[in-house]
Protein chains: 2
Amino acid sequence: MKIGQLAQQTGTPVDTIRYYEREGLLPRAARTEGNYRIYDAVHLERLAFIRRCRSLDMTQDEIRVLLRFRDTPSESCEDVNALLDAHIGHVAERIRELQQLETQLQVLRACCEEGRQAAECGILNELSHGGAELTTPAASESHLAATHAGGRQHVPPRQGGGA
Amino acid sequence: MKIGQLAQQTGTPVDTIRYYEREGLLPRAARTEGNYRIYDAVHLERLAFIRRCRSLDMTQDEIRVLLRFRDTPSESCEDVNALLDAHIGHVAERIRELQQLETQLQVLRACCEEGRQAAECGILNELSHGGAELTTPAASESHLAATHAGGRQHVPPRQGGGA
DNA sequence: GCTTGACTCTGGAGTTACTACAGGGTTTCC
DNA sequence: GGAAACCCTGTAGTAACTCCAGAGTCAAGC
């Protein structure tokens, strides 16, 4: 099959498939005479595997490790367990961080009542003089991301997205 | 004061201060004869404000809005409230997503017992054939980030940060 | 006066995981 | 045989920095 069909069958944008090939997650595809990539069931399975890992928010590096174990099935899978445990740890930690953040934001939000002028806005004042509840920057140490970011998975620019 | 002192007093890396100036969050600093930036208390306050916002995981765009309100204190602060409410909403949504993710990962983790060979590793098998519990990619729609990422705030490689 | 070292400057590249082109070539269908 | 749909490569952009090279500035010590 061609790249478009593979894209459709796995729900992956065509650009992303080519990107995975560049990054070495997918092997270089064979080509037709007209230089089109051709794929078979093996590629499809591998791509589906990668996409499932990505849907679990694993990094490319983590996926690379898992793929290596998939490719050499005789080795012990201890490292797979360890990787997953670490990943779960990161997610749990990020959840804790975000919950703290949510509390802080709600405290901050409570500072301002509706309809004031910005000069007396409790939120701006609080952010200006720095309440005790607000942590200093540099909270996260792990490989966890900030709350926002540009690369939110592979969702296209418009579709009911951002703030 | 010079940039190094400002950096120290606000806990902000020097590079980041220059970056904020480039981005227009901080005004261009005056210069000494030797072309060194010089700052005063106004700069310090503004930078502290920015850093407090960043510690609350606000984007530069969000901070820009808040700064604009700070600079024009006669306007109503309704938009500040709205911005913060939206931000809280995003954080809450991301928490929910991550909690789902955590559950999925724990289910996956339970598939494999210790010390098997990769060929019979429950995790790899689950990721290969694709269990029903695993969502497809493209879960997040908002401006919230993935669980991992390179730019984790501004924490320098090693220093035992501020967490 | 000269050197050493700490500090600062600019500009550019790297980070993640894509996404979005531009400017072409190929296939397919009517 | 011509248009539409598909595919190709390569490059640049995203967020919020971080890191580096190569050079200039400044204060202190000898």
Side-chain angles (χ1 to χ4, degrees), chain A residues 1-8 12-26 28-29 31-39 50-51 53-64 137-140 143-159 161-163, chain B residues 1-8 12-26 28-29 31-39 50-51 53-55 57-64 137-138 140 143-159 161:
Chain A
M1 75 187 108
K2 283 185 291 183
I3 199 168
Q5 290 170 274
L6 181 64
Q8 207 171 8
T12 310
V14 165
D15 274 342
T16 301
I17 297 175
R18 287 195 279 251
Y19 168 70
Y20 286 161
E21 182 179 313
R22 274 202 306 283
E23 292 298 302
L25 291 177
L26 287 175
R28 292 183 177 266
R31 302 293 182 122
T32 65
E33 290 218 337
N35 200 32
Y36 283 17
R37 290 173 179 83
I38 31 177
Y39 299 97
I50 294 169
R51 291 257 101 192
C53 292
R54 283 296 300 134
S55 81
L56 295 173
D57 251 352
M58 293 179 192
T59 61
Q60 283 189 10
D61 279 349
E62 287 172 330
I63 297 171
R64 249 178 268 273
S140 47
H143 70 169
L144 301 167
T147 313
H148 317 253
R152 62 234 180 283
Q153 308 274 62
H154 72 128
V155 187
R158 275 264 52 82
Q159 269 189 18
Chain B
M1 74 186 110
K2 284 186 291 182
I3 199 168
Q5 290 169 274
L6 181 64
Q8 207 172 7
T12 310
V14 166
D15 272 343
T16 302
I17 297 175
R18 286 195 278 252
Y19 168 70
Y20 287 161
E21 182 178 315
R22 272 202 307 283
E23 292 298 304
L25 290 178
L26 287 175
R28 292 184 177 266
R31 301 295 180 118
T32 67
E33 288 218 340
N35 200 31
Y36 284 16
R37 290 173 179 82
I38 32 176
Y39 298 96
I50 293 169
R51 292 258 98 191
C53 292
R54 283 294 300 132
S55 81
D57 251 353
M58 294 179 191
T59 61
Q60 284 189 9
D61 279 349
E62 287 172 330
I63 296 172
R64 248 178 268 273
S140 51
H143 71 168
L144 301 167
T147 312
H148 317 252
R152 61 232 181 287
Q153 310 273 64
H154 74 127
V155 186
R158 275 265 53 79
Q159 262 191 24

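First the proteins, then the strands, lettered A, B, ... as listed; each starts at 1. Only this structure's heavy atoms are used, side chains among them; waters, hydrogens and symmetry mates stay out.
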[X] side chain, from C-beta outward: closest of [options]:
X: Tyr19(B); options: dA17(C), dC17(D), dA20(C); value: dC17(D)
X: Arg51(B); options: dC17(D), dC18(C), dC7(D); value: dC17(D)
X: Arg54(A); options: dT8(C), dC17(D), dC18(C); value: dC18(C)
X: Asp15(B); options: dC7(D), dC18(C), dC19(D); value: dC19(D)
X: Arg18(B); options: dC8(D), dC9(C), dA17(C); value: dC9(C)
X: Tyr36(A); options: dA20(C), dT26(C), dC9(C); value: dT26(C)

Does [N] have its OP1 or OP2 closer than 4.0 Å to a side-chain nitrogen or oxygen of [X]?
X: Arg37(A); N: dT9(D); value: yes
X: Arg31(A); N: dT9(D); value: yes
X: Tyr20(B); N: dC17(D); value: yes

What is the distance from [atom1] of [X] to [atom2] of [N], rounded to the nearest Å?
X: Arg64(A); N: dT16(C); atom1: CZ; atom2: P; result: 9 Å
X: Ile17(A); N: dA17(C); atom1: CD1; atom2: P; result: 18 Å
X: Arg22(A); N: dA12(D); atom1: CZ; atom2: P; result: 13 Å
X: Leu6(B); N: dT8(C); atom1: CG; atom2: C1'; result: 14 Å
X: Asp61(A); N: dT15(C); atom1: CG; atom2: P; result: 11 Å
X: Gln5(B); N: dT8(C); atom1: CD; atom2: P; result: 8 Å
X: Glu21(A); N: dC18(C); atom1: CD; atom2: P; result: 15 Å
X: Gln60(B); N: dA16(D); atom1: CD; atom2: P; result: 5 Å

Between atom [atom1] of [X] and atom [atom2] of [Y], what is the distance when rounded to the nearest 0.5 Å?
X: Asp61(A); Y: Glu23(A); atom1: CG; atom2: CD; result: 9.5 Å
X: Ile17(A); Y: Leu6(A); atom1: CD1; atom2: CG; result: 4.0 Å
X: Tyr20(B); Y: Arg51(B); atom1: OH; atom2: CZ; result: 3.5 Å
X: Asn35(A); Y: Ile38(A); atom1: CG; atom2: CD1; result: 10.5 Å
X: Thr16(B); Y: Leu25(B); atom1: OG1; atom2: CG; result: 11.5 Å
X: Ile3(A); Y: Tyr39(A); atom1: CD1; atom2: OH; result: 4.0 Å

Hey, is CD on Gln8(A) packed in by over 12 heavy atoms from elsewhere, all under 6.0 Å?
-> no
Give a yes or no on this: more than 12 heavy atoms of other residues, nucleotides or ligands lie within 6.0 Å of atom CZ of Arg31(B).
->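 Atom CZ in Arg31(B) is packed in, count exceeds 12.
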Which sits closer to the 5' end of DNA chain C, Ile38(B) or Gly34(A), going by the nucleotide each is nearest to?
->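 Counting from the 5' end, the first nearest nucleotide belongs to Ile38(B).
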Would you please enumerate the stems DNA chain C participates in, each stem being three or more consecutive Watson-Crick or G-U wobble pairs with both distances under 3.5 Å?
->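 Runs of three or more consecutive pairs: C:1-30 with D:1-30.
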Closest-nucleotide 5' rank along DNA chain D - winner of Thr32(B) and Asn35(A) =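 Going by which nucleotide is closer to the 5' end, it is Asn35(A).
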